[in-house]
Protein chains: 2
Amino acid sequence: MDSNILKNINLFSDLSDDELKKVFSKCSVRKFSKGEMIFFDTEPYIGFYMIVEGSVKIFKILKDGKEHILHFVTPFNTFAEVPLFEQYEKIKNEEFTYPANSMAIEDDTVLILIRSSVFYSLIENNSKLCIKMISGLAKKLRLMNKHIESISLDVPKRLAKYLLEQFNSDTETGKKYIELPISKHDLSSYLGTIDETLSRTFKKFQDEGIIKVSGKKIYITDKKVLQKFASV
Amino acid sequence: MDSNILKNINLFSDLSDDELKKVFSKCSVRKFSKGEMIFFDTEPYIGFYMIVEGSVKIFKILKDGKEHILHFVTPFNTFAEVPLFEQYEKIKNEEFTYPANSMAIEDDTVLILIRSSVFYSLIENNSKLCIKMISGLAKKLRLMNKHIESISLDVPKRLAKYLLEQFNSDTETGKKYIELPISKHDLSSYLGTIDETLSRTFKKFQDEGIIKVSGKKIYITDKKVLQKFASV
DNA sequence: TCCTTAAATTGACTATAGTCAAACTGTAAT
DNA sequence: ATTACAGTTTGACTATAGTCAATTTAAGGA
């Protein structure tokens, strides 16, 4: 594995080969297996991560032991960049912790760690990189806005929205089904509900002839009605 | 009103006097009265706003007419910067709309509009400004994370958290009460509930001797118990 | 001050989704 | 094939918060 993998990361796509090599020489690459923790919200912040392969969930654990999933992150995206530019001094002094927990949810999840200090020196006089960074954060904000919006809806609406998003983001044309990229348990947590309620909602949709569930494959049999459910 | 007011805006605090004058000459300053709309989520995006005086709410309207408040914005902060660096081409062609609605919630709310093009040219070779921008977005992301986390809690927890945040952010020391900066109706919408439930929750806290409500003044009589309520 | 309107509160009821416990299914390992 | 286990589903019950309607309180204008 060499510095070329960094080219795939959106954030770094404008860097020169020299810069890429320089950055790469200071990065750590690590492979995680399914269920392995990447960081806890109790440990000191040292930098952000990029996903090369696999996927990752970012979550909080509530006092009753329940987890609440904030994001899923997929290849070529970054996570845990939020604290980077906050509390500059505190990060330097290792007084700052990660804002949430993070776990690999697939085997062979390959991550690259960019330490804060490396990124600081890189970004200092590179306004193109800055602007990439801004775009990335803006995109996250947009997603979170959507997430907040949908949380105030009822569970069927939330599920319908999620299914349609997956369906529409699937690039393959003509496909009549989606493959859930995450476990149903993680999906309930992401949708802000519990396994039982999610299960019942799937059943409800199935009974109404809108979808057909077969494991992680969800056949969309009546997109129109699903859209009607999802419409706020 | 001259270009010096821009100095108060966090984002611009590092600009030179010359730069400030240049920016200011291209800005529009407008005063809004309470309840006046600033933009709708249907109109083309032209730029972001800064608050000099007053305050603003950012919200979505659901199909049943209910509004869901995403943020409150207070003086010296910016809002609606999210689309700035997304869809660069689309913004130029005015194909992009504001992502939510925005309304002044106080009389004499003074706003400055920075058009996208002005900001593009300003940020191009100013990495200090870029970094400020990044910090601002990062801060918003952090707040939204908190917001998402709290929405999954029950209403008493959400209210307790909100009251404590207000209480702790109040700089005046020794103050035993907080003054709600927004209407109770807006508060319910922000907390993701409705007026009746908020009212009952205030009453519950009052009956338990934790707070004393008198209009917008909320006396915190038992901070410890309130904290216990808020603890996730 | 009264009058009008908006904001806030209360009660009775309903619906939605969470809890708990049990049963079932599918998959992977022996 | 058998076992073991995690993941999923189902049922009965409960709790939380939303709905609707009515009332009370507060606030702003004439």
Side-chain angles (χ1 to χ4, degrees), chain A residues 33-35 57 62-69 103 105-107 150-162 179-208 211-218 229 232, chain B residues 33-36 57 62-69 103 105-108 150-162 179-208 211-218 229 232:
Chain A
S33 37
K34 187 175 169 170
K57 68 179 178 189
L62 305 182
K63 222 172 41 183
D64 58 5
K66 255 177 228 154
E67 69 175 38
H68 186 73
I69 295 180
M103 180 190 278
I105 54 176
E106 283 179 45
D107 274 327
S150 70
I151 281 181
S152 70
L153 306 173
D154 61 24
V155 174
K157 283 192 171 57
R158 281 179 258 168
L159 178 58
K161 264 177 180 291
Y162 177 84
E179 183 99 30
L180 292 180
I182 52 175
S183 72
K184 283 185 183 159
H185 174 71
D186 280 351
L187 181 55
S188 359
S189 165
Y190 180 64
L191 295 179
T193 184
I194 57 171
D195 297 350
E196 293 93 324
T197 301
L198 180 64
S199 173
R200 288 185 238 264
T201 311
F202 268 128
K203 188 164 190 293
K204 175 172 158 350
F205 282 173
Q206 205 164 213
D207 290 348
E208 296 179 23
I211 61 172
K212 175 86 189 53
V213 183
S214 163
K216 289 203 167 189
K217 274 200 181 68
I218 318 285
F229 261 105
V232 179
Chain B
S33 38
K34 186 174 172 173
E36 205 176 336
K57 67 178 177 189
L62 305 182
K63 220 171 44 181
D64 59 4
K66 255 176 226 155
E67 69 174 40
H68 187 74
I69 295 178
M103 180 191 279
I105 53 175
E106 283 179 44
D107 274 326
D108 301 314
S150 70
I151 281 180
S152 69
L153 306 172
D154 61 22
V155 174
K157 283 191 172 58
R158 281 180 256 167
L159 178 58
K161 265 177 179 292
Y162 178 84
E179 183 100 30
L180 293 180
I182 52 174
S183 73
K184 283 183 184 161
H185 173 70
D186 281 350
L187 182 54
S188 356
S189 165
Y190 181 66
L191 295 178
T193 184
I194 56 172
D195 297 350
E196 293 92 324
T197 302
L198 179 65
S199 172
R200 288 185 237 264
T201 311
F202 267 129
K203 189 165 189 295
K204 175 172 159 345
F205 282 173
Q206 206 165 212
D207 289 350
E208 295 178 24
I211 60 172
K212 175 86 189 57
V213 183
S214 163
K216 290 202 165 187
K217 275 201 180 66
I218 317 286
F229 260 104
V232 181

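The chains referred to below are lettered A, B, ... by the order of the sequence lines, with proteins before strands, and numbering in each begins at 1.
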Practice task
Could you check how far NZ of A/Lys204 sits from P of C/dA17, rounded to whole Å?
Solution key: 9 Å
Exercise for the section: Rounded to the nearest angstrom, tell me the gap between atom NZ in A/Lys157 and atom P in D/dG18. Expected result: 14 Å
Completion exercise
The salt bridge (charged side-chain N to carboxylate O under 4.0 Å, His left out) partners of B/Lys203 (sequence neighbours excluded) come to B/Asp207
Handout entry: Least distance between heavy atoms, B/Ser150 atom then B/Lys161 atom
Key = CB-CD, 4.0 Å
Handout entry: Flag side-chain contact, heavy atom, 4.5 Å: A/Phe202 against A/Leu187
Key = yes
Handout entry: Of the listed nucleotides C/dG18, C/dT19, D/dG18, the one nearest the side chain of A/Lys66
Key = C/dT19
Problem - Whole-Å distance separating the CG atom of B/Asp154 from the C1' atom of C/dA17 - result: 13 Å
Practice task
Measure the distance from CG on A/Leu153 to C1' on C/dT16 and round it to the nearest whole Å.
Solution key: 14 Å
Exercise for the section: Scan A/Gly192 against the nucleic acid and name what it touches under 4.0 Å (heavy atoms): base, sugar-phosphate only, or nothing. Expected result: sugar-phosphate
Handout entry: Non-hydrogen atoms of A/Ala160 and A/Phe229 that approach each other most closely
Key = CB-CB, 3.8 Å
Practice task
Could you list the residues that satisfy ring pair (Phe, Tyr, Trp, His ring centres under 6.0 Å) with A/Tyr190, not counting sequence neighbours?
Solution key: A/Phe72, A/His147
Exercise for the section: Can you spot which of B/Ile194, B/Thr193, B/Leu198 makes a side chain to side chain contact (heavy atoms under 4.5 Å, CB included) with B/Val155? Expected result: B/Thr193
Completion exercise
Hits for side chain to side chain donor-acceptor pair (under 3.5 Å) against B/Ser33, two or more places apart or cross-chain, chain-then-number order -> B/Glu36
Practice task
Figure out the CG/C1' separation between B/Leu191 and D/dG18, and round it to whole Å.
Solution key: 15 Å
Exercise for the section: With sequence neighbours excluded, tell me which residues meet side chain to side chain donor-acceptor pair (under 3.5 Å) with B/Ser199. Expected result: none
Practice task
Tell me, please, which residues at least two apart from B/Ser188 pass side chain to side chain donor-acceptor pair (under 3.5 Å).
Solution key: B/Asp195
Please produce a list of atom pairs where a protein N or O lies less than 3.5 Å from an N or O of nucleotides 13-15 of chain C.
none

Handout entry: Under 3.5 Å donor-acceptor, B/Ser189 side chain and B/Glu67 backbone
Key = yes
Practice task
Using the salt bridge (charged side-chain N to carboxylate O under 4.0 Å, His left out) rule, collect all pairs that involve residues 179-189 of chain B, keeping only residues at least two apart or in two chains.
Solution key: B/Lys57-B/Asp186, B/Glu179-B/Lys217
Under 3.5 Å, which N/O atoms of the protein pair with N/O atoms of nucleotides 7-11 of chain D?
unit_1: D/dT9; atom_1: OP2; unit_2: A/Ser199; atom_2: OG; d: 3.1
unit_1: D/dT9; atom_1: O5'; unit_2: A/Ser199; atom_2: OG; d: 3.3
unit_1: D/dG11; atom_1: N7; unit_2: A/Arg200; atom_2: NH1; d: 3.1
unit_1: D/dG11; atom_1: O6; unit_2: A/Arg200; atom_2: NH2; d: 3.2

Problem - Net bend of the helix from C/dT1-D/dA30 to C/dT30-D/dA1, end axes of five pairs each, nearest 10 degrees - result: 40°
Fill in the blank from the handout: Taken to the nearest whole Å, CG/B/Asp207 to P/C/dT9 is 12 Å
Completion exercise
By salt bridge (charged side-chain N to carboxylate O under 4.0 Å, His left out), A/Lys34 pairs with (sequence neighbours left out) none
Practice task
With sequence neighbours excluded, tell me which residues meet salt bridge (charged side-chain N to carboxylate O under 4.0 Å, His left out) with B/Lys204.
Solution key: B/Glu208
Fill in the blank from the handout: Readout for nucleotides 23-30 of chain D: B = base within 4.0 Å of protein heavy atom, S = sugar-phosphate only, - = neither; 5' to 3' it is --------
